[in-house]
Amino acid sequence: MSRGSSNAYQYDYDYAYEQSTSPGKYVIPEKKIEEKRILLTEIKRKKEDKKTKKQILASIVVLVAMGLTVAFRYASVTQINYENHKLEQEYQKKAAIVQNLEVEIESNMNIAEIAEIAETKLGMHKPFAYQIKYISVETPDQTEYKNAEFTKEQTDKDAPFTTRMFNGIKEFFGVI
């Protein structure tokens, strides 16, 4: 039977039958043990290499994501600054228009023109003499004077804290 034609387990028949120590025991030759050990270390090394590659790939993905995040933030800041500059220019244009309109309003405020507009458009006129009434309003003098006497307490309020404290202690004990 050939090795590649069967689905059955492939047995390794290179084991030597040990007859000297005990009957029925098989001994695996050192060469086979060394080959298995080398094979196992290679498999272990490949697993570790795969794990290392996955860690490196994950680190690269994280670094790229962080770089893209930083680039996105810079792009956002730049866009906001651009919009801010654009709005500031628009504000300055409108402020200049407002200032020009204020100057125009002030230059057009002539009392003669205002009187003419009031008479022609609004039908207003100056009051006649019989329409004017004068009312005399006397404002009484509301200032009141009091004779204020300064007492010891009032003068003590202006004194420093320590002086007031000693005066208080003296008054408490009756010493003046």
Side-chain angles (χ1 to χ4, degrees), residues 7 38-176:
N7 287 337
I38 291 172
L39 182 65
L40 288 174
T41 55
E42 285 182 22
I43 292 171
K44 188 176 182 181
R45 185 180 51 81
K46 285 182 181 180
K47 285 182 180 179
E48 289 175 356
D49 286 347
K50 284 182 181 180
K51 185 177 179 182
T52 305
K53 286 178 184 177
K54 286 180 182 179
Q55 289 175 344
I56 291 173
L57 182 63
S59 299
I60 290 172
V61 167
V62 167
L63 288 174
V64 167
M66 289 173 57
L68 289 174
T69 302
V70 169
F72 176 74
R73 297 287 290 172
Y74 277 122
S76 298
V77 167
T78 303
Q79 182 181 4
I80 290 170
N81 283 339
Y82 174 74
E83 290 174 4
N84 187 20
H85 181 70
K86 187 177 175 182
L87 290 173
E88 190 172 319
Q89 284 180 340
E90 186 177 326
Y91 171 75
Q92 288 175 352
K93 286 179 185 178
K94 290 187 179 186
I97 290 171
V98 167
Q99 188 175 11
N100 288 339
L101 289 174
E102 286 177 354
V103 168
E104 186 178 330
I105 289 171
E106 288 178 11
S107 66
N108 287 336
M109 289 193 69
N110 185 357
I111 293 184
E113 289 179 13
I114 293 173
E116 182 181 332
I117 292 172
E119 289 176 358
T120 57
K121 290 186 179 178
L122 301 175
M124 300 174 91
H125 59 83
K126 290 185 179 182
F128 298 112
Y130 69 91
Q131 292 175 331
I132 299 174
K133 292 196 177 193
Y134 294 101
I135 301 172
S136 64
V137 179
E138 292 184 22
T139 56
D141 187 14
Q142 295 179 355
T143 307
E144 296 181 12
Y145 296 102
K146 281 189 174 179
N147 291 333
E149 293 182 22
F150 293 104
T151 62
K152 189 174 185 181
E153 293 175 7
Q154 290 176 338
T155 57
D156 282 346
K157 288 182 183 178
D158 296 333
F161 175 73
T162 53
T163 307
R164 287 185 293 167
M165 184 179 69
F166 286 126
N167 290 341
I169 292 172
K170 287 179 186 177
E171 286 180 17
F172 179 74
F173 289 113
V175 180
I176 295 179

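Around atom CD of Glu116, no more than 12 heavy atoms belonging to other residues, nucleotides or ligands sit under 6.0 Å away. By the 6.0 Å contact criterion, CD1 on Ile43 is enclosed, its count of non-hydrogen atoms from other residues, nucleotides or ligands being greater than 12.
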Stepwise, does the side chain to side chain contact (heavy atoms under 4.5 Å, CB included) test hold for Ile169 with Met165? CA-CA 6 Å; Ile169 292 172; Met165 184 179 69; 4.2 Å; yes
Side chain to side chain contact (heavy atoms under 4.5 Å, CB included) between Val103 and Glu106: does it pass, once the steps are laid out? CA-CA 5 Å; Val103 168; Glu106 288 178 11; 5.5 Å; no
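The pair Arg45-Asp49 meets the salt-bridge criterion, since a charged nitrogen lies less than 4.0 angstrom from a carboxylate oxygen.
For the salt bridge (Lys or Arg N to Asp or Glu O under 4.0 Å) test, no residue two or more places apart in sequence or in another chain qualifies with Lys47.
Here the CD-CD1 distance, from Glu104 to Ile97, works out to 12.0 Å after rounding to the nearest 0.5 Å. Remark: Leu101 CG to Gln99 CD distance equals 10.5 Å, nearest 0.5 Å. Rounding to the nearest 0.5 Å places CG of Asn84 at 9.0 Å from CD1 of Ile80. Here the straight-line distance linking atom CD1 of Ile117 with atom CG of Asn110 works out to 9.5 Å at 0.5 Å rounding. To the nearest 0.5 angstrom, Met124 atom CE is 11.5 Å from Ile114 atom CD1. Between Leu39 atom CG and Lys44 atom NZ the span is 13.5 Å, to the nearest 0.5 Å.
Evaluated for a side chain to side chain donor-acceptor pair (under 3.5 Å) with Gln89, the options Lys86, His85, Gln92 yield exactly one hit, His85. When each of Val62, Val61, Ile60 is tested with Val64 by the rule side-chain contact (heavy atoms from CB on, under 4.5 Å), just one qualifies, namely Ile60.
Considering only heavy atoms from C-beta on, Arg164 stays 4.5 Å or farther from Asn167 through its side chain.
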